[in-house]
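Let me begin by presenting the structure, written as structure tokens, before commenting on it.
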Amino acid sequence: MRVLIFETSELAVDRVVRAVVEQIERKPASILGLATGGTMEPVYDGLSAAYRSGSVSLAGVTSFNLDEYVGLSPEHSCSFAAFMREKLFDRTDMRSNRANLPVGNAVDPDAEAARYDALISELGPIDLQLLGIGANGHIGFNEPTSSLRSRTRVKTLTRATLEANKRFFADGETPPKYAITVGIQNILEAKSILLLATGSAKAKAVATMIEGPLGSYCPATALQMHADTTIVLDREAAAELTLTDYYSQVHPDGQDAPYG
Ligand code: PGA
């Protein structure tokens with residue numbers, strides 16, 4: 001794991017935006033794995049700004065989002081499909097027919113999960129998988145005790161996740177209890193992984209992910225088994241790490257240190 005610690009969340013976000021732009025520059029037809037959530041909003045703001053300034057085009061990109069709520073149509077304002085349109089797709093030249101998410105209101109959610117899994121296998125592997133992390137250590141909606149070999153399927157969301165995501169729903173509206181999510185095995189099949197965590201609410205999960213024992217109790221620990229994972233943190237999210245000195249020695253201020 002490459003652990004990059006930045007003084008501020010803005011610097012951490014900039015690093016992630018730069019990595020995505022560089023990936024698309026290297027390979028305009030990149031396959032990106034995309035995430036939703038509050039942490040990703042400034043990343044998509046940054047990518048949209050890079051598009052507006054002419055530094056990047058998403059016209060050749062194919063994307064696969066991690067997850068979608070069961071029961072919500074892509075048109076529902078609280079769906080992840082709507083989030084992605086609003087935050088990224090409609091603000092760039094991303095082609096809608098290449099932007100994939102599980103269909104939340106499919107008649108048969110299990111069949112939809114299988115269709116989505118097969119599509120990723122057919123078009124993949126994903127070149128760069130963007131991830132956030134839940135305060136409970138989830139990646140995607142792979143809640144604690146998810147199999148570390150899991151593939152796309154329907155998951156029951158924990159009460160903690162429902163509580164954390166309530167803010168995206170209107171007052172009185174109940175967030176769906178189930179989601180279709182890619183599995184941990186799908187995530188591990190990406191060629192490279194870039195996880196962003198900011199703020200003190202993530203500090204405990206981040207420390208377990210990086211330094212804790214591998215186990216499904218903290219699903220993000222599975223990333224320890226991936227050979228090309230970069231974890232981008234701000235100072236607050238890094239606060240509970242034990243080996244901070246070492247990470248700063250290897251990557252002072254989140255930069256690559258020259259040998260010697
Ligand atoms: P957040 O969600 O960015 O809204 O904190 C992250 C996640 O649950 O993966």
Side-chain angles (χ1 to χ4, degrees), residues 6 8-10 12-13 15-17 20 32-47 63-70 72 77-84 86-88 101-102 104 126 128-146 148 150 152 155-169 175-184 186-188 190 193-210 216-223 226 229-240:
F6 293 88
T8 66
S9 64
E10 289 79 11
V13 166
R15 179 64 173 76
V16 171
V17 172
V20 178
L32 300 182
L34 299 179
T36 51
T39 311
M40 288 299 142
E41 290 187 32
V43 172
Y44 296 147
D45 287 343
L47 280 176
S63 68
F64 285 96
N65 264 81
L66 289 165
D67 41 24
E68 180 60 281
Y69 288 114
V70 169
L72 298 194
S77 61
C78 297
S79 68
F80 288 151
F83 177 101
M84 291 308 302
E86 185 190 324
K87 308 290 179 201
L88 184 69
L101 288 96
I126 285 171
L128 176 63
Q129 174 69 59
L130 275 185
L131 291 176
I133 181 172
N136 66 0
H138 74 204
I139 44 176
F141 270 141
N142 293 286
E143 298 285 37
T145 71
S146 286
L148 301 185
S150 50
T152 313
K155 280 297 286 180
T156 305
L157 302 178
T158 61
R159 290 206 172 90
T161 296
L162 293 173
E163 191 58 34
N165 288 357
K166 206 168 70 179
R167 68 189 195 279
F168 294 110
F169 288 78
K177 291 192 181 59
Y178 304 96
I180 297 173
T181 181
V182 301
I184 295 175
N186 297 97
I187 291 171
L188 294 178
I193 296 175
L194 189 56
L195 183 145
L196 172 65
T198 53
S200 56
K202 303 295 173 67
K204 190 163 179 292
V206 162
T208 308
M209 163 176 69
I210 296 172
S216 63
Y217 188 73
C218 177
T221 58
L223 301 180
H226 192 275
T229 287
T230 303
I231 311 289
V232 180
L233 305 171
D234 68 357
R235 195 51 74 188
E236 289 186 358
E240 293 198 30

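Ligands are counted one by one from 1 in listed order, and the atoms in each one are counted from 1 as well. Not measured: the values here are computed from a predicted model.
- The pair E41-K87 meets the salt-bridge criterion, with a side-chain N (NZ, NE, NH1 or NH2) lying under 4.0 Å from an Asp/Glu carboxylate O.
- Closest protein heavy atom to atom 7 (C) of ligand 1: H138 NE2, 3.4 Å.
- Taking distance alone, with nitrogen or oxygen atoms compared against 3.5 Å, T36 stays at or beyond that limit from ligand 1.
- Ring centroids of F169 and Y69 are separated by less than 6.0 Å, placing the two rings close together.
- Between L66 and F80, the closest side-chain pair of non-hydrogen atoms is not below 4.5 Å.
- Distances between N or O atoms of R167 and those of ligand 1 include at least one value under 3.5 Å.
- Residue contacts with ligand 1 for M40 are absent, since no atom lies close enough (heavy atoms, distance under 4.0 Å).
- Counting only heavy atoms from C-beta outward, the side chains of L88 and L34 approach each other to under 4.5 Å.
- Under 4.0 Å from ligand 1, the heavy atoms of I133 that appear belong solely to its backbone.
- For ligand 1, the polar-atom distance check against G38 finds a nitrogen or oxygen pair separated by under 3.5 Å.
- Of the possible donor and acceptor atoms, none in the side chain of D234 sits under 3.5 Å from a partner among the backbone N and O of E10.
- Of the candidates D67, T39, V43, it is T39 that places a heavy atom closest to atom 1 (P) of ligand 1.
- Less than 4.0 angstrom separates some heavy atom of G37 from each of these atoms of ligand 1: 3 (O), 4 (O).
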